[in-house]
Structure formats: structure tokens, C-alpha cells
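Scroll down for the structure; my scribbles are underneath it.
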Amino acid sequence: MTIAPTLKTARLCLRPHTVADYADCRALWADAGVVRHIGGVPQDAQAVWFRLLRYAGMWSMLGYGMWAIEDGETGAFLGEAGLLSAARGLPELDGVPEAGWVLTPQAWGRGIALEAMTAALTWADAHVDAPSVRCIIHPDNAASIKVAEKLGFAPLVDTHLAGTPTRVFDRPVQTVA
């Protein structure tokens, strides 16, 4: 069984999710502002519980997944970031990991997503056997598009997911020397 490694950055700790994260994840995914560009509907308690179980399952079955993001100084929960496989039915995502990040409102505008995803993608470049990593972002989500571009993602195609406009971005895996 594979468990997420712990990654440390200048300000953050990316660590495996635990059952103790349920309350923080529940608050994160219930926040209408957080989910505005991620499906648009707050998630109920069961959906968040199943999300936590999926995170553990991805690490176990795929060897990659999502991390909980903690403030390295205070230990406060700041969100989630990492890689996933969501079987969304978009052919552009077949066979490649999908990058994803979601932050608590307290973490917005502080460079947390960029710092966390830089660590996650550096890890992925060294450990994930895939030609690229892709992400999907609603075209109106300017903040996430800016993060994606800083991470080296480039627009691949505009499409629709469940009737919602969606832009797919691609980032070739960086060869680790």
C-alpha cells in the first residue's frame, strides 16, 4: 500500500490526509465561494467523506494523489493539492494524471497554491510515469488560470464538462536529471 509522502516547502507541509481532516475538508467543500468554479455546488457530508476515502485509494492504487496543505508554522489546514484520476469522461484526461488544488478562503491571494503545486509537480516529475500532467479550470477562474500558467501549464482545448465550460491545460512532465 502506498501512502502519500510528506513534502515540505518554505511555508507549507503537504501531508497525507487523515480521518482527523474530515471537519476541515467538510468546511472547505461546503463553502460556496470555494466551489464556485469547481462544480458550483457545496458538497454534503457524505460526499466529503467519500472524497477522503478516494484520496487514500488513489495513493494505494495509482501511487499518486492529493495532499492536505498545512501552514508549516501554525499547522492550520489551508486546503488540498496534488494529482488525481477522476474518470471525468474527457478524452483529454485519459492516461494522464490531473493536477488539482483547492484552498480555504484564508489562503487565497498568498501564493499558497503556487507553492504547494510546485512541490507536488516536482515530486510528480520524479515519481509519476506519464508524458504530461493536465488540469481543468473554468474559463472564468482567472486566479487558477494564473497559477496554472506560472506552473508551466498551457491551454490545450476548450470543452464542456457536465454542460459547464472547461479549459484543459497541459504540462509536459519535466525530466529529472
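For the side chain to side chain contact (heavy atoms under 4.5 Å, CB included) with Phe169, the lone residue among Val157, Ile145, Leu156, Ile136 that qualifies is Ile145. A side chain to side chain contact (heavy atoms under 4.5 Å, CB included) with Trp29 holds for exactly one of Val102, Asp24, Val41, Asp44; it is Val102.
To the nearest 0.5 Å, the span separating CG on Leu90 from OG1 on Thr166 amounts to 6.5 Å.
Residues Glu115 and Ala10 approach most closely at OE2-N, 3.5 Å, considering heavy atoms. The shortest heavy-atom contact between Leu84 and Ala99 is CD2-C, 4.2 Å.
Side-chain contact between Tyr22 and Leu52 is present, with heavy atoms from C-beta onward closer than 4.5 Å.
The existence of a salt bridge linking Arg15 and Asp21 is confirmed by a sub-4.0 Å separation between a basic side-chain nitrogen and an acidic carboxylate oxygen. A salt bridge between Glu92 and Arg134 is absent, with no side-chain N of the basic residue lying under 4.0 Å from a carboxylate O of the acidic one.
Using bins of under 30°, 30° to 60° and over 60° for the plane-to-plane angle, the ring pair Trp101/Phe153 lands in the tilted bin. Using a 30° and 60° split on the angle between ring planes, His37 and His138 fall in the tilted class, from 30° to 60°. Classification of the His17-Tyr55 ring pair by plane angle, with boundaries at 30° and 60°, yields tilted.
Between the Asp125 side chain and the Gln174 main chain, a donor and an acceptor come within less than 3.5 Å of each other.
Side-chain contact, Gln43 with Trp49: no donor N or O sits under 3.5 Å from an acceptor N or O.
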